[in-house]
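See below for the structure under consideration.
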2 protein chains.
Amino acid sequence: MDLVFKALADAGRRQLLDALRERNGQTLSELCDELSELTRQGVTKHLRLLEEAGLVVTMRRGRHKYHYLNPVPINEIAERWISNYEKDKLRALSALKAALEEES
Amino acid sequence: MDLVFKALADAGRRQLLDALRERNGQTLSELCDELSELTRQGVTKHLRLLEEAGLVVTMRRGRHKYHYLNPVPINEIAERWISNYEKDKLRALSALKAALEEES
DNA sequence: ACCATAGGCAACCAAAAGGTTGCCTGTCAA
DNA sequence: TTGACAGGCAACCTTTTGGTTGCCTATGGT
């Protein structure tokens with residue numbers, strides 16, 4: 001799960017995920033067009049991290065490499081991690097509020 | 001939102017959040033006990049990032065500094081970002097499956 | 001057969017992250 | 001009032017990260 005969090009920490013990588021969510025199965029070159037501020041190698045590196053985190057699955061076909069979004073890891077973070085915080089949200093908020101009021 | 005993602009990218013910081021979720025309003029020294037593998041300064045630095053991301057709110061009271069969890073930013077990520085991926089989950093999964101099958 | 005296209009590999013570089021040590025300040029309690 | 005306790009500041013160091021450039025390989029079209 002650590003790899004997923006780390007992968008999500010970069011805005012460029014999140015942008016890549018968004019691009020794939022918008023249109024799945026894009027090639028490297030196509031993704032490079034969307035992140036025009038980076039060189040191809042830069043994009044490649046980001047994609048490798050995303051792949052290592054399991055967020056993207058790739059398929060080489062002839063001279064093209066297609067990238068597919070895998071939504072499962074994000075889903076797991078939502079379920080296994082974030083939901084714990086949702087659960088305690090109200091309790092934490094009221095504790096926070098109480099602490100801030102006491103500060104006066 | 002970028003700060004929140006970056007803050008969540010480190011396992012030590014997530015551990016600090018967990019500690020506060022477990023017991024809210026802990027002092028720096030108490031939190032240091034839970035992350036015994038780090039020095040106090042190390043913990044302080046992590047807490048500063050968490051605070052800058054809005055995930056933790058602090059209150060100095062005499063010679064103690066109390067730390068409170070703020071669940072709102074995590075909630076926002078869940079709602080504004082992750083939910084987009086949940087929405088497209090089935091579609092992305094079937095695209096992925098189709099691509100993998102075609103590979104044979 | 002050839003050349004343009006799509007991508008990979010490796011070295012390199014600068015900046016940021018993670019962590020430490022040493023010392024200083026403020027606060028409470030005996 | 002003096003000492004122990006809680007925390008802050010700043011310098012420093014090492015590793016990781018984000019990015020680049022240069023060159024090499026493989027594939028497909030004409």
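Order of the sequence lines sets the chain letters (A, B, ...), proteins ahead of strands, with each chain counted from 1.
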Can you find a side chain N or O atom of B:Thr39 that sits less than 4.0 Å from OP1 or OP2 on C:dG19?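 No, B:Thr39 has no side-chain N/O under 4.0 Å of OP1/OP2 on C:dG19.
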
Side-chain N or O of B:Lys65 closer than 4.0 Å to phosphate OP1/OP2 of D:dG8: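 The answer is yes; a side-chain N or O of B:Lys65 sits under 4.0 Å from OP1 or OP2.
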
Distance check needed: [N] [atom2] versus [X] [atom1], whole Å only.
X: A:His64; N: C:dA4; atom1: NE2; atom2: P; value: 17 Å
X: B:Arg14; N: C:dG18; atom1: CZ; atom2: P; value: 11 Å
X: B:Gln26; N: D:dA6; atom1: CD; atom2: C1'; value: 15 Å
X: B:Gln15; N: C:dG19; atom1: CD; atom2: P; value: 11 Å
X: A:Arg60; N: D:dA26; atom1: CZ; atom2: P; value: 10 Å
X: B:Leu28; N: C:dG26; atom1: CG; atom2: C1'; value: 15 Å
X: B:Arg63; N: D:dA6; atom1: CZ; atom2: P; value: 6 Å
X: B:Leu31; N: D:dG8; atom1: CG; atom2: C1'; value: 16 Å

Identify which one of B:Leu49, B:Leu55, B:Leu50 satisfies the side-chain contact (heavy atoms from CB on, under 4.5 Å) criterion when paired with B:Leu8.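 Considering B:Leu49, B:Leu55, B:Leu50, a side-chain contact (heavy atoms from CB on, under 4.5 Å) with B:Leu8 is found only for B:Leu55.
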
Hey, could you give me the CD1/CZ distance between B:Ile74 and B:Arg21, rounded to the nearest 0.5 Å?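 Those atoms lie 8.5 Å apart.
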
With hydrogens left out and only the distance checked, is there a donor-acceptor pair under 3.5 Å joining A:Arg40's side chain and the base of C:dG8?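 A donor-acceptor contact between them is present.
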
What are the residues of residues 41-49 of chain A, sorted by number, that bring a heavy atom to within less than 4.0 Å of DNA chain D?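 By residue number: A:Gln41, A:Gly42, A:Lys45, A:His46, A:Leu49.
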
Do B:Arg61 and B:Tyr66 meet the cation-pi criteria used here (NZ or CZ under 6.0 Å from the six-membered ring centre, within 45° of the axis)?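 The answer is no; the distance or angle limit is not met.
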
Closest-nucleotide mapping onto DNA chain C: is A:Thr27 or A:Lys6 further toward the 5' terminus? I mean the 5' end.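 So the residue in question is A:Thr27.
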
Are A:Asp2 and A:Lys6 within salt-bridge range, i.e. N to O under 4.0 Å?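 Yes, A:Asp2 and A:Lys6 are salt-bridged.
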
Do A:Val4 and A:Val56 land in one hydrophobic cluster if side-chain heavy atoms of ILVMFWY residues count as linked below 4.5 Å?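 In one cluster: yes.
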
Going through the checks in order, is the side-chain contact (heavy atoms from CB on, under 4.5 Å) test met by A:Val57 and A:Glu51? CA-CA 6 Å; A:Val57 175; A:Glu51 198 174 352; over 6 Å; no

Any donor-acceptor N/O pair, A:Asp10 side chain to A:Arg13 backbone, under 3.5 Å: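 Indeed, once roles are kept as given, a pair shorter than 3.5 Å links the two residues.
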
Under 4.0 Å, counting only non-hydrogen atoms across every strand here, what does B:Glu30 touch: a base, just sugar-phosphate, or nothing?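 No contact at all - B:Glu30 keeps every heavy atom at 4.0 Å or more from the nucleic acid.
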
